[in-house]
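This report concerns only the one structure given below.
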2 protein chains.
Amino acid sequence: MNTNTPNYRSECPLSTALDVIGDKWSLLVVRDMCMGKARYGDFLSSPEGIPTNILANRLRRLEETGIVEKKPYQIKPLRYEYFLTTKGTDLLPVLQQLAIWAHKHVPECGTPPDWFLDAKPDDLVKNH
Amino acid sequence: MNTNTPNYRSECPLSTALDVIGDKWSLLVVRDMCMGKARYGDFLSSPEGIPTNILANRLRRLEETGIVEKKPYQIKPLRYEYFLTTKGTDLLPVLQQLAIWAHKHVPECGTPPDWFLDAKPDDLVKNH
DNA sequence: TAAGTCACTTGTATTTTACAAGTCATAAGC
DNA sequence: GCTTATGACTTGTAAAATACAAGTGACTTA
């Protein structure tokens, strides 16, 4: 018996994507992982200032939806680092297009770095 | 004196994009306009079931941010149709990448139509 | 033994979203 | 002329998501 009910708003893939990662913070956590951040404190230190309870909740949800997986980096006390799965790195084109759009149309915002725009999902896979 | 304070979370273009269109409904309204919908009732009839007050609010915000513009289609009583500006049609690559991602990674969701995946922002410009 | 670090959790306030109902201008039918 | 219908909303209130401040637990270091 399935305990979790995804219950998407419709069968439209765009709508479904937004149901999974269409909140205020998820894609910013994914962005941080694209940039090599891996630990709780790394994510908290980003300039947007995600609240700590929201971060804990988003890491849990991203793991439940298979976008992120965690690996222990020490055992006393047990602590984890978080990495993108293939499902997670495949969000890179979404992030790139959002950044391109804002850079083109929102004058107040910064310039995305070239390495980011040129990157491909495979480039983000951790080698260890 | 500037009355509206955009106040984005950071200068990161991704973060800025999410501050503008990163809510639960905005991109679905943009999607509807990509599909040729233009009137209040058209948007309400989409399968996701946007609440009417949220729709009114999103149309106003999308217009204020220059993503959408409205044109009257009758004068008694005065009624408007809503269309994407260039800033709006340039969101198409974002929608496409989100749809591609969900189609690849979320098994329950539907298949995006070829015309949608093949479309380019210029194709969406209204000719009248 | 005391203070510090890291990764959280808990409690409550604020903001956003949801749902139901009502309004307003006008048109259409009887 | 009066009632019903239509389209595009607004208003009121409930529910859910997010924000902020503070606290907890397992250690490590001084």
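Per chain, numbering begins at 1; letters A, B, ... match sequence-line order. This is a predicted model, so every value here is computed, not measured.
Toward the 5' end of DNA chain D, the nearer of the two residues B:Ala56 and A:Thr52, judged by each one's closest nucleotide, is B:Ala56. Both B:Arg61 and A:Asp42 lie near DNA chain C, and the one whose nearest nucleotide falls closer to the 5' end is A:Asp42. The 5' end of DNA chain C is approached more closely, in terms of each residue's nearest nucleotide, by A:Leu78 than by the other of A:Leu78 and B:Lys24.
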Would you mind writing out the side-chain donor-acceptor pairs for residues 38-46 of chain B within the sub-3.5 Å range, not counting sequence neighbours?
unit_1: B:Arg39; atom_1: NE; unit_2: B:Glu81; atom_2: OE2; d: 2.8
unit_1: B:Arg39; atom_1: NH2; unit_2: B:Glu81; atom_2: OE2; d: 3.2
unit_1: B:Tyr40; atom_1: OH; unit_2: B:Thr52; atom_2: O; d: 2.7
unit_1: B:Asp42; atom_1: OD2; unit_2: B:Ala38; atom_2: N; d: 3.2
unit_1: B:Asp42; atom_1: OD2; unit_2: B:Arg39; atom_2: N; d: 3.0
unit_1: B:Ser45; atom_1: OG; unit_2: B:Asp42; atom_2: O; d: 2.7
unit_1: B:Ser46; atom_1: OG; unit_2: B:Asp32; atom_2: OD1; d: 3.1
unit_1: B:Ser46; atom_1: OG; unit_2: B:Asp32; atom_2: OD2; d: 2.6
unit_1: B:Ser46; atom_1: OG; unit_2: B:Lys37; atom_2: NZ; d: 2.8

Can you name the atoms? Protein N/O to nucleotides 11-16 of chain C N/O, anything below 3.5 Å, with the distance.
unit_1: C:dG11; atom_1: O6; unit_2: A:Asn53; atom_2: ND2; d: 3.4

Do any N or O atoms of the protein come closer than 3.5 Å to N or O atoms of nucleotides 2-6 of chain C, and which pairs are they?
unit_1: C:dC6; atom_1: O2; unit_2: A:Arg79; atom_2: NH2; d: 2.6

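Expressed to the nearest 0.5 Å, how far CG of B:Leu59 lies from CD of B:Glu64 amounts to 11.0 Å. Taken from CG in B:Leu18 to CZ in A:Arg31, the straight-line distance is 9.0 Å, to the nearest 0.5 Å. Expressed to the nearest 0.5 Å, how far CZ of A:Arg61 lies from CD1 of A:Ile21 amounts to 10.5 Å. Note that the CG atom of A:Leu84 and the CG atom of A:Leu91 stand 8.0 Å from one another [nearest 0.5 Å].
Remark: the backbone N or O of B:Ile100 is not paired with any side-chain donor or acceptor of B:Gln97 at under 3.5 angstrom.
If you take NZ of B:Lys76 and C1' of D:dA8, they are 17 Å apart, rounded to a whole angstrom. Between the CD atom of A:Gln74 and the C1' atom of D:dT28 there is a distance of 10 Å, rounded to whole Å.
Residue B:Phe43 is out of contact with every strand shown, counting any heavy-atom pair closer than 4.0 Å.
The C1' atoms of five pairs define one axis at each end of the helix from C:dT1-D:dA30 to C:dC30-D:dG1, and these two axes lie 10° apart (to 10°).
Within a 6.0 Å sphere centred on CD1 of A:Ile75, other residues, nucleotides and ligands contribute 12 heavy atoms or fewer. Counting heavy atoms of neighbouring residues, nucleotides and ligands inside a 6.0 Å radius, atom CD of B:Glu108 exceeds 12 of them.
A:Asp19 pairs by the salt bridge (Lys or Arg N to Asp or Glu O under 4.0 Å) definition with A:Arg9, not counting sequence neighbours. Partners of B:Gln96 under the side-chain hydrogen bond (donor to acceptor under 3.5 Å, both in side chains) rule, at least two apart in sequence or in another chain, do not exist in this structure.
Between B:Tyr82 and D:dC9, a side-chain N or O to OP1/OP2 separation shorter than 4.0 Å is present. The side chain of A:Trp25 contributes no N or O atom lying less than 4.0 Å from OP1 or OP2 of D:dA17.
The shortest non-hydrogen separation linking B:Trp25 to B:Pro51 is CZ2-CD, 4.0 Å.
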